[in-house]
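To keep things clear, I will list the structure first and then write my remarks on it.
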Amino acid sequence: MTRVAIDGMGGDLAPAATAEGAIEAAREGIEVALVGDERRLVDEIERLGGAPDGLRVVHAPDVIEMGDHAAREAIRRKQSSTYVGVGLVRDGEADAFVSAGNTGATFVVALLELGRLPGVERPAIGAPIPFPNGLTLLIDAGANAECRASHLVQFAHLGSSYMRAARGVAEPRVGLLNIGEEGSKGSPLTIETHERLSESGLHFIGNIEGREMVENRADVVVTDGFTGNVVLKLGEGLMELLMGELRNAAERSWRGRLGGLLIRPAARRVRASLDYRAHGAAPLLGLGGCVFIAHGTSDAFAIANALRSAAADVERGTLAALRGAMEAARPGEE
């Protein structure tokens, strides 16, 4: 049975959402360790009908809040739900850790406690982005605001290996996010990265522009964490804006309401296909253990899917695949 620990106090809707999502995942056969304030978590579990087999609470009296300074608080608050949860992975008591809490703190603690895979310069967040015609992994999605070309090449190797092992893509197409398709365009960083990726042995398809991401031209899109996080948040905002405007248009007149009723089934299918909540959490790739970042606004549905995706990645052996890929790539060479 796969064992997944989750930060029970992490996220805007915790601990209610984390407890409910953990219960749902445990009922499906995942062994879940819900980490956090024992009294509050037990109260939530009792409110929801009690703990099923496979769910246990691990007490952690402290919590790193979303607004806390990530590095400073992560280092000194060793009784936090983040620190205790990562510690379960470090000590072999859990196969993976999931958090919808402070991303920076989770990254720092995981790096301190689990280390990096051999040869990895910087671990990165690989965010799965759903589109109607496929799934694209955006890497880095926020862990590294400033990068060198060697970092981006490593991100490409990590993302490509992950898509093979976890998503079953036989030969992942790798694209470099840039302002134009020509290899000579962009910043000195992207120009150098383009040259290196062309010689990397990966299935590198060249530069892709932001608008081409939605066409699923690449299975892996490589960029620095600053740009990647902006792209990710902009996409989420545009999605919410579009759906909101459609709702508003449908409520302005009787014609709009009639049209809204007619397109509602199709609109729901489109929203479901693009809903980040259905696609699990984003893995932190390059660490010496399995750690996943869930959205800060995750509800119970998203939490349950995050636990499912973490368990599936463990069962597919993605960590071993990443280790092998980085050894084969001989990372870090200049």
Side-chain angles (χ1 to χ4, degrees), residues 3-19 22 32-44 56-118 120-127 140-147 151 224-226 228-229 233 281-298 303 306-307 310 319:
R3 305 162 302 168
V4 182
I6 181 167
D7 181 355
M9 313 307 293
D12 298 341
L13 304 179
T18 50
V32 180
L34 189 58
V35 184
D37 186 306
E38 185 175 20
R39 180 187 58 79
R40 294 181 64 189
L41 292 174
V42 169
D43 285 348
E44 288 294 338
R56 66 185 176 112
V57 174
V58 177
H59 182 55
D62 198 5
V63 59
I64 302 174
E65 302 291 350
M66 298 295 274
D68 288 340
H69 186 280
R72 182 173 61 243
E73 299 305 317
I75 292 171
R76 73 179 185 86
R77 294 167 71 172
K78 296 190 177 182
Q79 293 301 308
S80 68
S81 52
T82 305
Y83 223 111
V84 174
V86 172
L88 294 176
V89 178
R90 177 200 61 210
D91 297 338
E93 297 180 34
D95 301 305
F97 176 67
V98 175
S99 178
N102 188 311
T103 298
T106 302
F107 180 79
V108 170
V109 171
L111 195 56
L112 288 172
E113 295 301 300
L114 303 177
R116 296 168 292 181
L117 291 174
V120 171
E121 296 179 61
R122 293 187 182 182
I125 299 173
D140 180 20
N144 304 281
E146 296 182 4
C147 296
H151 301 151
D224 63 89
F226 183 91
N229 194 260
K233 298 295 176 60
L284 267 170
L285 302 177
L287 291 170
C290 295
V291 177
F292 298 82
I293 303 297
H295 202 290
T297 60
S298 292
I303 292 294
L307 290 166
L319 184 61

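Between Cys290 and Leu319 the shortest heavy-atom distance is SG-CB, 4.0 Å. Taking each heavy atom of Ala310 and Val4 in turn, the nearest pair found is CB-CG1, 4.2 Å. Val84 and Ala60 make their closest contact through CG2-CB, 3.8 Å (heavy atoms, listed as atom of the first residue, atom of the second, distance). Minimum interatomic distance between Val86 and Phe97 (heavy atoms only, all atoms of both residues): CG2-CD2, 3.7 Å. Taking each heavy atom of Ala282 and Ile125 in turn, the nearest pair found is CB-CG2, 3.8 Å. Pairing each heavy atom of Glu113 with each of Tyr83, the nearest pair is OE2-OH, 3.0 Å.
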* Check the pair Thr18 / Leu34 against side-chain contact (heavy atoms from CB on, under 4.5 Å), numbers first and verdict last. => CA-CA 8 Å; Thr18 50; Leu34 189 58; 4.3 Å; yes

* Asked: For Ile303 and Ile6, what are the C-alpha separation, side-chain angles and deciding distance, and is it a side-chain contact (heavy atoms from CB on, under 4.5 Å)?
  -> CA-CA 9 Å; Ile303 292 294; Ile6 181 167; 3.5 Å; yes

* To do: Run the numbers on Ser81 and Val63 for side-chain contact (heavy atoms from CB on, under 4.5 Å), then give the verdict.
  => CA-CA 6 Å; Ser81 52; Val63 59; 4.0 Å; yes

* Asked: Would Thr82 and Arg77 count as a side-chain contact (heavy atoms from CB on, under 4.5 Å) if you check the C-alpha gap in whole Å, the side-chain angles of each, and the deciding distance to 0.1 Å?
  -> CA-CA 9 Å; Thr82 305; Arg77 294 167 71 172; over 6 Å; no

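Between Lys78 atom NZ and Leu112 atom CG the span is 8.5 Å, to the nearest 0.5 Å. If you take CZ on Arg122 and CG on Leu285, they are separated by 16.0 Å, rounding to the nearest 0.5 Å.
Residues Leu114 and Val291 are in side-chain contact: their nearest non-hydrogen atoms beyond the backbone lie under 4.5 Å apart. Inter-residue side-chain proximity for Arg116 and Leu111 is flagged as met; some heavy-atom pair is nearer than 4.5 Å. Annotation: side chain of Glu146 is not in contact with side chain of His151 (no heavy-atom distance under 4.5 Å).
Asp224 contributes a side-chain N or O that, together with a main-chain N or O of Phe226, makes up a donor-acceptor pair within less than 3.5 Å. Thr106 places a side-chain N or O within donor-acceptor distance of the main-chain N or O of Asn102, the cut-off being under 3.5 Å. A donor-acceptor pair under 3.5 Å is absent between the side-chain atoms of His59 and the main chain of Asp37, judged by distance alone. Counting only distance, with no hydrogens or angles, the side chain of Asp95 and the backbone of Arg3 share a donor-acceptor pair below 3.5 Å. Within the 3.5 Å criterion, the main-chain N or O of Pro123 finds a donor-acceptor partner in the side chain of Asn144.
Checked by atom type, the side-chain pair Asp7/Ser99 shows a donor-acceptor distance below 3.5 Å.
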